[in-house]
Chemist: 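Have a look at this one.
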Amino acid sequence: RAKGFEAALQANPTTSFSANVSYSYLDSDEIIPFSPNKFNFMFNYKLKRLNLSLYGEHIQNLYTSYQLIQMLQLRQFFYA
């Protein structure tokens with residue numbers, strides 16, 4: 001069984017600056033491929049006719065299907 005949450009916050013403190021932040025969390029009894037815990041942010045600044053953006057992302061506990069197969073094989077080896 002899996003449970004989790006997502007949260008997002010957007011702020012526009014001035015007409016030329018905006019910030020977006022989001023976080024996703026998933027807690028599961030089993031490993032689910034491509035379901036990471038993730039933190040994202042984006043900052044935008046408008047300077048006359050120029051828009052500047054900064055984007056970042058931190059991903060934790062991301063497993064591909066290949067990694068999942070390897071982990072299951074190791075689990076079977078150690079617990080057989």
Side-chain angles (χ1 to χ4, degrees):
R1 182 171 181 199
K3 53 188 167 185
F5 69 89
E6 292 184 342
L9 176 66
Q10 180 178 359
N12 296 352
T14 68
T15 57
S16 60
F17 179 75
S18 67
N20 299 291
V21 178
S22 65
Y23 183 73
S24 300
Y25 175 78
L26 180 66
D27 183 20
S28 175
D29 296 336
E30 296 182 15
I31 297 171
I32 301 172
F34 302 102
S35 299
N37 297 330
K38 187 166 74 164
F39 173 76
N40 297 322
F41 67 89
M42 178 179 273
F43 301 109
N44 296 306
Y45 183 73
K46 185 174 181 181
L47 182 64
K48 296 185 181 180
R49 297 181 66 185
L50 178 67
N51 287 319
L52 303 171
S53 295
L54 175 65
Y55 175 80
E57 168 173 77
H58 173 74
I59 297 175
Q60 183 178 348
N61 300 332
L62 173 66
Y63 300 102
T64 65
S65 56
Y66 175 75
Q67 289 169 316
L68 182 59
I69 290 168
Q70 286 183 322
M71 292 172 73
L72 291 174
Q73 288 172 346
L74 282 174
R75 187 179 294 171
Q76 288 175 349
F77 176 77
F78 285 110
Y79 295 107

Chemist: What is the ring orientation for F17 with Y45, classed by angle as parallel under 30°, tilted 30 to 60°, or perpendicular over 60°?
Modeler: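 F17 vs Y45 ring planes: tilted.
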
Chemist: If you compare all heavy atoms of Y55 against all heavy atoms of M42, which two are closest, and at what distance to 0.1 Å?
Modeler: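 Shortest heavy-atom separation between Y55 and M42 comes out as CD1-CE, 3.9 Å.
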
Chemist: I want to check something: taking the side chain as every heavy atom from C-beta on, are N40 and N20 in contact at a cut-off of under 4.5 Å?
Modeler: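 No - every pair of side-chain heavy atoms lies 4.5 Å or more apart.
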
Chemist: First locate atom NZ of K3, then atom CG of L26, and finally report the distance between them rounded to the nearest 0.5 Å.
Modeler: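 Reported to 0.5 Å precision, the distance equals 11.0 Å.
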
Chemist: Could you grab the distance from atom CG of N12 to atom OG of S18, nearest 0.5 Å is fine?
Modeler: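 Rounded to the nearest 0.5 Å, the CG-OG separation comes to 5.0 Å.
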
Chemist: Between Y25 and Y23, how do the two ring planes meet: parallel, tilted or perpendicular, split at 30° and 60°?
Modeler: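 Ring orientation, 0 to 90° scale: parallel.
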
Chemist: Hydrophobic cluster membership, with links at side-chain heavy-atom distances under 4.5 Å among I/L/V/M/F/W/Y: are L9 and F43 in one?
Modeler: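 No, separate clusters.
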
Chemist: Rounded to the nearest 0.5 Å, what's the gap from CZ on F41 to OG on S22? Could you check?
Modeler: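 Rounded to the nearest 0.5 Å, the CZ-OG separation comes out at 10.5 Å.
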
